[in-house]
Peer 1: 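Before I ask anything, here is the structure I am working with.
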Amino acid sequence: MSALSWGTAKKSEFELFCARDNLLFKQEDGIWRFLLPERESHYARFIRDYETVRRFEGRFSPDASYYRALPFKDTSRKFSADWKIRAASFGALQKILTAESTVLDMGSGNGWLSNRLSLSGYDVCAVDLLLNPEDGLGACTHYQSRFTRTQSEFIHLPFLNAAISTVIFNASFHYSENYEETLTESLRVLSPNGKVVIMDSPIYHNADSGKQMVAERKSAFLSRYGFASKLAQKRELPDVSAHGRAGENTWHCVAAHPSIVWSSLALASVAGASARQT
């Protein structure tokens with residue numbers, strides 16, 4: 001990614017070296033691998049459970065045209081309603097992005113958002129834990145656009161301070177293990193006048209509603225998959241207005257598709273929140 005400033009020194013075309021921690025990071029199969037072995041072990045169950053659920057639901061296709069059509073058309077016809085919401089969110093996102101933005105697509109999944117933003121001329125880096133070729137960073141090979149792919153966790157991003165114009169959590173913020181640490185790290189890499197965008201994550205104004213959602217998800221996972229994974233243990237989102245650099249950040253909510261109402265078991269919301277430094 002040409003405009004991004006890595007927090008490491010380039011040793012070769014496919015290697016980056018961190019002098020502070022004396023660590024060498026490599027690009028494998030086109031993906032920069034910034035997840036340390038001990039953190040791979042930490043996330044192993046989450047990744048296994050997530051991939052199990054996604055494959056069970058059939059959220060993939062062997063056809064490249066399936067991925068290239070997203071989010072405007074679901075050629076599999078399995079999750080058309082979900083993609084209708086994603087398309088509405090993408091439309092709302094386009095209205096708040098500034099020209100020549102360097103963008104982190106956090107929790108990029110199969111890379112549909114990175115693809116769309118890259119085609120629109122943005123300098124994009126897809127960030128995810130998953131590497132698989134169906135629903136992870138490996139699926140990005142289906143696209144004709146080019147963008148950087150990075151395996152990294154939300155709380156340890158491999159970028160310098162103030163290097164990124166826009167950090168987007170693409171239906172992924174609710175997977176964070178620690179919302180406060182995730183927001184702090186996002187704000188660290190954010191440039192002056194940059195934006196943090198949280199879109200398609202469940203937001204509850206009442207804490208009890210969030211707790212009820214978690215309980216229902218646990219029950220549903222046990223019934224359907226036979227396990228109560230961390231996937232079912234998400235808590236309600238925090239008051240984002242409480243985070244930032246000494247009050248320098250202003251948060252706004254943007255309704256992307258107000259006519260759609262999600263049940264308590266939904267994985268996404270209809271609202272996106274953006275943070276703007278003032």
Peer 1: Which pair of non-hydrogen atoms, one from Ile31 and one from Gly138, has the smallest distance, and what is that distance?
Peer 2: CD1-N, 4.1 Å
Peer 1: Is there side-chain contact between Phe147 and Cys125, with heavy atoms separated by less than 4.5 Å?
Peer 2: no
Peer 1: Near Asp29 CG, under 6.0 Å, is it more than 12 heavy atoms from other residues, nucleotides or ligands?
Peer 2: no
Peer 1: Check whether Gln151 reaches the backbone of Leu129 with its side chain - one donor and one acceptor, N or O, closer than 3.5 Å.
Peer 2: yes
Peer 1: Below 4.5 Å, heavy atoms only, C-beta onward: do Trp83 and Phe72 meet side chain to side chain?
Peer 2: no
Peer 1: With a 4.5 Å limit on heavy-atom distance, are the side chains of Asn178 and Phe154 in contact?
Peer 2: no
Peer 1: Counting N and O atoms only, with roles assigned by atom type, does the side chain of Ser89 sit under 3.5 Å from a partner on the main chain of Asp200, one being a donor and the other an acceptor?
Peer 2: no
Peer 1: Please test Asp74 against Ser76 for side chain to side chain donor-acceptor pair (under 3.5 Å), starting from the C-alpha separation and ending with a verdict.
Peer 2: CA-CA 5 Å; Asp74 174 14; Ser76 74; 2.6 Å; yes
Peer 1: Would you please say whether a donor-acceptor pair under 3.5 Å links the side chains of His42 and Glu177?
Peer 2: yes
Peer 1: I need the Ser114 OG to Leu104 CG distance, nearest 0.5 Å.
Peer 2: 9.5 Å
Peer 1: Determine the minimum heavy-atom distance between Pro133 and Tyr67, stating which atoms define it.
Peer 2: O-OH, 4.3 Å
Peer 1: Using atom types as modelled and distance alone, determine if a side-chain donor or acceptor of Thr184 lies under 3.5 Å from a backbone N or O of Arg188.
Peer 2: no
Peer 1: Please test Arg33 against Lys26 for side chain to side chain contact (heavy atoms under 4.5 Å, CB included), starting from the C-alpha separation and ending with a verdict.
Peer 2: CA-CA 6 Å; Arg33 307 289 288 273; Lys26 297 183 178 182; 5.8 Å; no
Peer 1: Check whether Asn115 reaches the backbone of Tyr143 with its side chain - one donor and one acceptor, N or O, closer than 3.5 Å.
Peer 2: no
Peer 1: Taking side chain as C-beta onward, heavy atoms only, is Arg39 less than 4.5 Å from Glu153?
Peer 2: yes
Peer 1: So, taking the atom named CG in Asp49 and the one named OH in Tyr43, what distance separates them when rounded to the nearest 0.5 Å?
Peer 2: 14.5 Å
Peer 1: Establish whether Leu137 and Leu157 are linked, either directly or via other cluster members, by ILVMFWY side-chain heavy-atom contacts under 4.5 Å.
Peer 2: no
Peer 1: Checking Arg68 side chain against His142 main chain: does a donor-acceptor pair fall under 3.5 Å?
Peer 2: yes
Peer 1: Minimum heavy-atom separation for Ala69 and Thr75, please, with both atom names.
Peer 2: CB-CG2, 4.3 Å
Peer 1: Does a side-chain heavy-atom distance below 4.5 Å link Gln94 with Leu117?
Peer 2: no
Peer 1: List the atom of Tyr179, the atom of Phe173, and the distance in Å for their closest heavy-atom pair.
Peer 2: CE2-O, 3.3 Å
Peer 1: Look up atom OG in Ser176 and atom CD1 in Ile155, then write down how far apart they are to the nearest 0.5 Å.
Peer 2: 7.5 Å
Peer 1: Return the CG to OG1 distance between Leu190 and Thr166, rounded to the nearest 0.5 Å.
Peer 2: 7.5 Å
Peer 1: State, with a plain yes or no, whether a side-chain heavy atom of Asp105 is found less than 4.5 Å away from one of Phe169.
Peer 2: no
Peer 1: Counting distance only, does the side-chain N/O of Asp21 pair as donor-acceptor with the main-chain N or O of Leu23 below 3.5 Å?
Peer 2: no
Peer 1: Can you tell me how far OG1 of Thr182 sits from CD1 of Ile198, rounded to the nearest 0.5 angstrom?
Peer 2: 9.5 Å
Peer 1: Verify the cluster assignment for Leu16 and Val189: are they in a single hydrophobic cluster under the rule of side-chain heavy atoms below 4.5 Å apart?
Peer 2: yes
Peer 1: Centre of Phe60's six-membered ring, under 6.0 Å away, within 45 degrees of the axis: is that where NZ or CZ of Arg54 sits?
Peer 2: no
Peer 1: Please find the pair of heavy atoms, one from Ser145 and one from Leu119, that lie closest to each other, and give the distance.
Peer 2: CB-CD2, 3.8 Å
Peer 1: Give a yes or no on whether the backbone of Ser165 and the side-chain of Thr102 come within a donor-acceptor separation of less than 3.5 Å.
Peer 2: yes
Peer 1: Would Glu40 and Ile47 count as a side chain to side chain contact (heavy atoms under 4.5 Å, CB included) here? Give the steps.
Peer 2: CA-CA 9 Å; Glu40 289 183 5; Ile47 292 174; over 6 Å; no
Peer 1: How close do Ser80 and Arg77 get, heavy atom to heavy atom, and via which atoms?
Peer 2: OG-CA, 3.7 Å
Peer 1: Between Asn170 and Met106, is the side chain to side chain contact (heavy atoms under 4.5 Å, CB included) condition met? List the steps.
Peer 2: CA-CA 6 Å; Asn170 178 18; Met106 303 279 277; over 6 Å; no
Peer 1: Are any non-hydrogen side-chain atoms of Thr148 and Asp123 less than 4.5 angstrom apart?
Peer 2: no
Peer 1: Does the side chain to side chain contact (heavy atoms under 4.5 Å, CB included) test come out yes or no for Arg116 and Phe90, once each step is laid out?
Peer 2: CA-CA 9 Å; Arg116 288 295 171 184; Phe90 179 64; 3.5 Å; yes
Peer 1: Closer than 3.5 angstrom, by distance alone: can the side chain of Asp128 be matched with the main-chain N or O of Gly136 as a donor-acceptor pair?
Peer 2: no
Peer 1: Taking atom types as modelled, find out whether Asp63 and Ser65 have a side-chain donor-acceptor pair closer than 3.5 angstrom.
Peer 2: yes
Peer 1: Measure the shortest side-chain to side-chain distance between Arg55 and Asn132 over non-hydrogen atoms and say whether it is less than 4.5 angstrom.
Peer 2: yes
Peer 1: Distance check, rounded to the nearest 0.5 Å: Leu93 atom CG versus Ile168 atom CD1?
Peer 2: 4.5 Å
Peer 1: Do Trp32 and Leu131 sit in one hydrophobic cluster, given that two such residues count as connected whenever their side-chain heavy atoms are within less than 4.5 Å of each other, even indirectly?
Peer 2: no
Peer 1: May I ask you to decide whether Arg59 forms a salt bridge with Glu57, counting only side-chain N to carboxylate O separations under 4.0 Å?
Peer 2: yes
Peer 1: How about Gln144: does its CD atom have over 12 heavy atoms from other parts shown lying under 6.0 Å from it?
Peer 2: no
